[in-house]
Amino acid sequence: MTPIADRWDHVAELDVEGLRNAALTAAVTGDTLAALRDIDIALGTDLDGGDRGALLYARAVALQTDPDPARMVDDATAAVGLLKAAGRTSEAANAAAGAAIFTQRAGRIADAVDHAVEAMVLTAEAGTDRDAARASNSIAILFGQLSAFELAAMTAARAFDMAAELDDSTRAITADTFCYVVVEGLHGGVDLDAGPAIAAARWLAEQPIGDLAAQPVGPTALAEFALLGVLDADPLELAVAVRDDAATMSIRFSAWHQLVEAAAHRAAGDSAACVGLLDVALPALTGLGDEHRVVRGHRERGAARAALGDFAGAFDDARTEAAMARRNQIEQVGRLASQIQRRADLEVARAVLRRRADDLAHEVSTDSLTGVGSRRWFDLELARLTDRTGWGAVAIVDLDRFKRVNDGFGHHVGDRTLETVGRILRRAVRSGDVVGRLGGEEFAVLLAGTRLEAALLLAERIRLDIERAPWHEIQPGLTVTTSGGVAEGPLSSIREVLRAADAALYEAKRNGRNRVIAA
């Protein structure tokens, strides 16, 4: 057995970027054992958070041919957090988009949507680089899996454009996805412009033999477009030309190629060849979870069997196709309903939090007994007015000998008295005026845009309203009067105006109370 130290030396030579590329190649070719081994060795060493996140996502990518997506989901989700914390935004976007695909494959549609939204936000922040392009590419795949083909095609086209100035392997990946979502959308009856995707397929067909561009994706995609009638070419000729290359590729590519070649054979009148190819391709496509192509495969084989007189087999394929379509419909609607419920629950929770925040803000800004502004809120409003230009006035109102009310009738009568004074003040002022309780039985009104004469009239009206209130309804023998002080000045000096009004108030107290005096 190779010593661990020697195995690590081998991995260290690849570095994190080399391991990422190896994982991507392994995912395409299906030969994942070596890539997974090297990544696991690297993860067992001392790595910073960003590199650990990059390798966790690389492992998720290498695992994507595994029928159980649970490990992919865990690795990709963990990678997002690590990469975000390390400030590697575009890599985090790519990992979030991958997590969206893996969670959708696991049937967790609401989580998939959350990951996709996060990926789109991160992609917008990241700008344009390889990982951002691949993130957009993965989002397009997710949209395609959800049958949102218009969005899928638009996002795939953007990813392909982003990759135009990047490496050929990234452009090959985005071109493959672009062709895939447009082909499946056209098969599904969606009206899409096939021209740009056909151009991407032709670009793929022209690429030299190399890691990812070596796949016979271009000619196979062109054969798909020819079968759909949007490209003037012989689909069988295109498919047969790359048959040997396709047979050596990953299960995903070879099974898809067999589906396309089978359809081309049936279109050419060779139903037996169609059935033979699909007997091999359908189990592979089913194992990969490629539902769009599985449905097409059963449709093609059913038609070929009927042409051969095998009506029982054709009926089986038709029944399977219908059952899959029905199951997919139920799953999609069910997942959508779950997503709606989850979103509704979140909105309800947000609404509760908003109401609580509003309640807390109200509690902080409002005097609980009188209903006018609290002293803290009044001070904030006072500071706000000092930043304004113009003129203003202040009226201060203080209850006369209020201690006698508490001592003679009890604090419950005193509280009801203050409540009533608060109502009178709120009713007397304009909507834009600021009225607050300074403390105890003292209140103030800030009157922006008001001159001294109008402020005096308001303070006098408040004095009379308080004096004439039906206090006997609260307590027989209860009477309440007030004294007031009023001053005016520039808003920028409103604190000095407040002090002048306070001095006028004490002048009113010294002059016999139950009166208003201007500074």
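Note that the coordinates shown come from a computational prediction; the quantities given were computed from them, not determined experimentally.
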Charged N to carboxylate O below 4.0 Å: is that the case for Arg59 and Asp74? no

Test item: Glu224 and Cys179 side chains (from C-beta on) under 4.5 Å apart, heavy atoms: no

So CD of Glu91 and CG of Asp51: to nearest 0.5 Å the spacing works out to 8.0 Å

Okay, side chain of Gln207, backbone of Trp203: is any donor-acceptor separation there less than 3.5 Å? yes

So do Val217 and Phe253 actually touch side chain to side chain, heavy atoms under 4.5 Å? yes

Can you confirm whether Val434 sits close enough to Trp377 that some side-chain heavy atom of one is under 4.5 Å from a side-chain heavy atom of the other? yes

Criterion side chain to side chain contact (heavy atoms under 4.5 Å, CB included) on Arg52 and Leu43, from CA distance to verdict: CA-CA 7 Å; Arg52 183 167 297 279; Leu43 285 170; 3.9 Å; yes

Arg134 and side chain to side chain donor-acceptor pair (under 3.5 Å): which partner among Thr170, Asn94, Thr123? Thr170

Atom pair CG (Asp234) and CG (Leu222), whose distance is rounded to the nearest 0.5 Å: 12.5 Å

What I'd like to find out is whether the side chain of Arg296 reaches to under 4.5 Å of the side chain of Leu285, using heavy atoms alone. no

Which residue, Ile39, Val61, Leu56, forms the side chain to side chain contact (heavy atoms under 4.5 Å, CB included) with Asp75? Leu56

Any chance you could measure His257, atom NE2, to Leu259, atom CG, to the nearest 0.5 Å? 10.5 Å

Is it the case that over 12 heavy atoms from other parts of the model lie below 6.0 angstrom from the CE atom of Met154? yes

Thr177 side, atom OG1; Ile141 side, atom CD1 - distance, nearest 0.5 Å: 4.0 Å

Any side-chain heavy-atom pair from Glu184 and Arg293 closer than 4.5 angstrom? yes

Side-chain touch Val182/Phe225, heavy atoms, less than 4.5 angstrom: yes

On a heavy-atom basis, which atom in Ala304 and which in Arg266 lie closest, and how many Å separate them? N-CD, 3.8 Å

Min side-chain heavy-atom separation Ile41-Arg37 under 4.5 Å: yes

Ignoring hydrogens and angles, tell me if any N or O in the side chain of Asp433 forms a donor-acceptor pair with the backbone of Arg430 under 3.5 Å. yes

Is the Lys NZ or Arg CZ of Arg305 less than 6.0 Å from the centre of Phe311's six-membered ring, within 45° of the axis? no

Closest contact, heavy atoms only, Leu385 versus Ala448: CD2-CB, 4.2 Å

Starting at CG of Leu63, measure out to CE of Met72 and round the result to the nearest 0.5 Å. 6.0 Å

Ser90 and Asp131: which non-hydrogen atoms are nearest, and at how many Å? O-CB, 3.4 Å

How are the rings of His292 and Phe149 set relative to one another: parallel (under 30°), tilted (30 to 60°) or perpendicular (over 60°)? tilted

Measure the spacing between CZ of Phe178 and CG of Asp161 and express it to the nearest 0.5 Å. 7.5 Å

Answer whether the closest heavy-atom distance between the side chains of Leu446 and Phe378 falls below 4.5 Å. yes

The test is salt bridge (charged side-chain N to carboxylate O under 4.0 Å, His left out); show your working for Arg319 and Asp316 and say whether it passes. CA-CA 5 Å; Arg319 184 171 56 185; Asp316 286 342; 3.1 Å; yes

Got a sec: does the CZ of Arg202 have more than 12 other heavy atoms crowding it under 6.0 Å? no

Do any N or O atoms from the side chain of Thr155 and from the backbone of Ala152 form a donor-acceptor pair under 3.5 angstrom? no

Of all heavy-atom pairs between Thr174 and Ala159, which one has the smallest distance, and what is that distance? CG2-O, 3.8 Å

In terms of heavy-atom contacts, Pro219 and Leu238 come closest through O-CB, 3.8 Å

Using every non-hydrogen atom in the two residues, find where Ala175 and Phe160 come nearest and quote the distance to one decimal. CB-CE1, 3.6 Å

For Asp317, which of His298, Arg299, Glu300 qualifies under side chain to side chain contact (heavy atoms under 4.5 Å, CB included)? His298

Hey, is the main chain of Leu236 close enough, under 3.5 Å, to the side chain of His265 for a donor-acceptor pair? no

